[in-house]
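See structure below.
Sequence positions, counted from 1, serve as the residue numbers for this chain. Side chains are part of it too, since the values below use all heavy atoms of this structure and drop only hydrogens, waters and symmetry mates. Here the structure is a predicted model, which means the values were calculated and not measured.
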Amino acid sequence: MESARCKAFLAAAETGSFTKAGEKLNYTTSGVSQLVASLEKELGVSLFIRKKQGVTLSENGEYLLPAIRSFLQQEERIYQMASDILGLSVGEITIATYPSMSAHWLPQVIREFQNDYPNIHVNLMEGIRREIISWLEDTTADIGFLSWREDAPFDWFPVAKDRMIAVLPREHPLANADQYPLSLCENESFIMPALGRDDDVVDLLNRNGVHPKIQFSTIENYSAISMIEKGLGMSIMNERSTFNWSSDVVKLPLDPPEDITLGMAVPSMEHASPAVRKFVEYAKKVLNTAP
């Protein structure tokens, strides 16, 4: 199987267009079309539904996408290993992460890593936990920065504990309290980040038998914090997700106290590329001393 055909297929799948795929790969539109057609002929199946507006994956294409992406990643791994043998450090890493971890931790890791390995390109994808898990499972991402779960089928490297806190408007009756009783969530206008289901928050509430009335949902914690600042409700968040945002809100530890473990997940260190292995080493070194 020719990798050029697979690269054309993957680029078209990601962009939804043979023209955009050609721009990404420096091919003509007809060149991409011919490569995809050759791959379809080789495999004996149709991979795309072709329309005037572009292309979408067929059911066969959806089914084969993870395997073709994995094939190309293994090819990249071979080239990286060969470069390592020659003393060259080149390659590409895709990291999936919470926005809070991207803002608070990763810049320092990436800076130190690229000081020593400037030819390794780092891509960042930000999302909620479910998105990160999906990107790791279908190998879109090489490394995930997220919270720990016992059933996660990845190689796991813990980085830090992060306490869960209540975020309240300044005029809240408990604004001057030392703690926020978690059970009171049921009487609040609750704002839920992460598309209405923050897995860490949902797990915490379920374990404590608390069922709040979700009045609003947001994509990112910062949007929720802005709403809280305007007095529209309150929320529960991990503390680091509130760092680096200037806002006039109150942050209180929970009663009972709760925390989560943040860290790195890799689908398989055994099959990881040299570039991924190097980045994991740097991240562990840098983040073990991070605040």
Search all heavy atoms of [X] against all heavy atoms of [Y] and return the closest pair with its distance.
X	Y	answer
Pro169	Ala175	O-CB, 4.4 Å
Ala177	Leu252	O-CD2, 3.2 Å
Gln179	Leu254	NE2-O, 3.9 Å
Cys6	Ile68	CB-CG2, 3.7 Å

When rounded to the nearest 0.5 angstrom, what is the spacing between CG in Leu39 and CD in Glu42?
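Reported value, rounded in 0.5 Å steps: 6.0 Å.
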Ionic contact status for Arg149 with Asp200, cut-off 4.0 Å:
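Looking at Asp200 and Arg149, the cut-off is met.
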[X] side chain to [Y] main-chain N or O, any donor-acceptor pair under 3.5 Å?
X	Y	result
Asp138	Pro66	no
Thr139	Trp135	no
Arg163	Asp259	no
Ser189	Leu232	yes
Arg5	Glu40	no
Ser217	Met192	no
Glu229	Ser247	no
Asn208	Val210	no
Glu239	Met164	no
Asp142	Thr94	yes

Look at atom CD of Glu171 and say whether more than 12 heavy atoms of other residues, nucleotides or ligands are closer to it than 6.0 Å.
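Enclosed: over 12 neighbouring heavy atoms sit under 6.0 Å from CD of Glu171.
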Can you list the steps and then say if Phe145 with Leu287 is a side chain to side chain contact (heavy atoms under 4.5 Å, CB included)?
CA-CA 12 Å; Phe145 282 80; Leu287 297 179; 3.8 Å; yes
Passes side chain to side chain contact (heavy atoms under 4.5 Å, CB included), Arg240 versus Phe243? Steps please.
CA-CA 5 Å; Arg240 278 188 172 84; Phe243 289 176; 3.7 Å; yes
Quiz: residues 109-116 side-chain donor-acceptor pairs under 3.5 angstrom, not counting sequence neighbours:
{"from": "Gln114", "atom 1": "NE2", "to": "Ile120", "atom 2": "O", "distance (Å)": "2.5"}
{"from": "Asn115", "atom 1": "ND2", "to": "Arg111", "atom 2": "O", "distance (Å)": "3.3"}
{"from": "Asp116", "atom 1": "OD2", "to": "Tyr282", "atom 2": "OH", "distance (Å)": "2.3"}

Could you walk me through whether Val167 and Thr242 pass side chain to side chain contact (heavy atoms under 4.5 Å, CB included), step by step?
CA-CA 9 Å; Val167 183; Thr242 68; 4.2 Å; yes
Test salt bridge (charged side-chain N to carboxylate O under 4.0 Å, His left out) on Lys24 and Glu14 and set out the steps.
CA-CA 10 Å; Lys24 184 175 181 179; Glu14 291 175 342; 2.7 Å; yes
Does the pair Tyr180 and Glu188 meet the rule for a side-chain hydrogen bond (donor to acceptor under 3.5 Å, both in side chains), with working shown?
CA-CA 12 Å; Tyr180 179 88; Glu188 301 272 14; 2.9 Å; yes
With distance as the sole criterion, is a donor-acceptor pair present between the side chains of Thr15 and Ser17 under 3.5 Å?
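The answer is no; no qualifying pair exists.
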Give the intermediate values and the outcome of ring pair (Phe, Tyr, Trp, His ring centres under 6.0 Å) for residues Phe48 and Phe9.
CA-CA 9 Å; Phe48 288 102; Phe9 162 78; 5.4 Å; yes
For residues 56-67, which residue pairs pass the salt bridge (Lys or Arg N to Asp or Glu O under 4.0 Å) check, not counting sequence neighbours?
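Checked against salt bridge (Lys or Arg N to Asp or Glu O under 4.0 Å) - neighbours excluded - no pair reaches residues 56-67.
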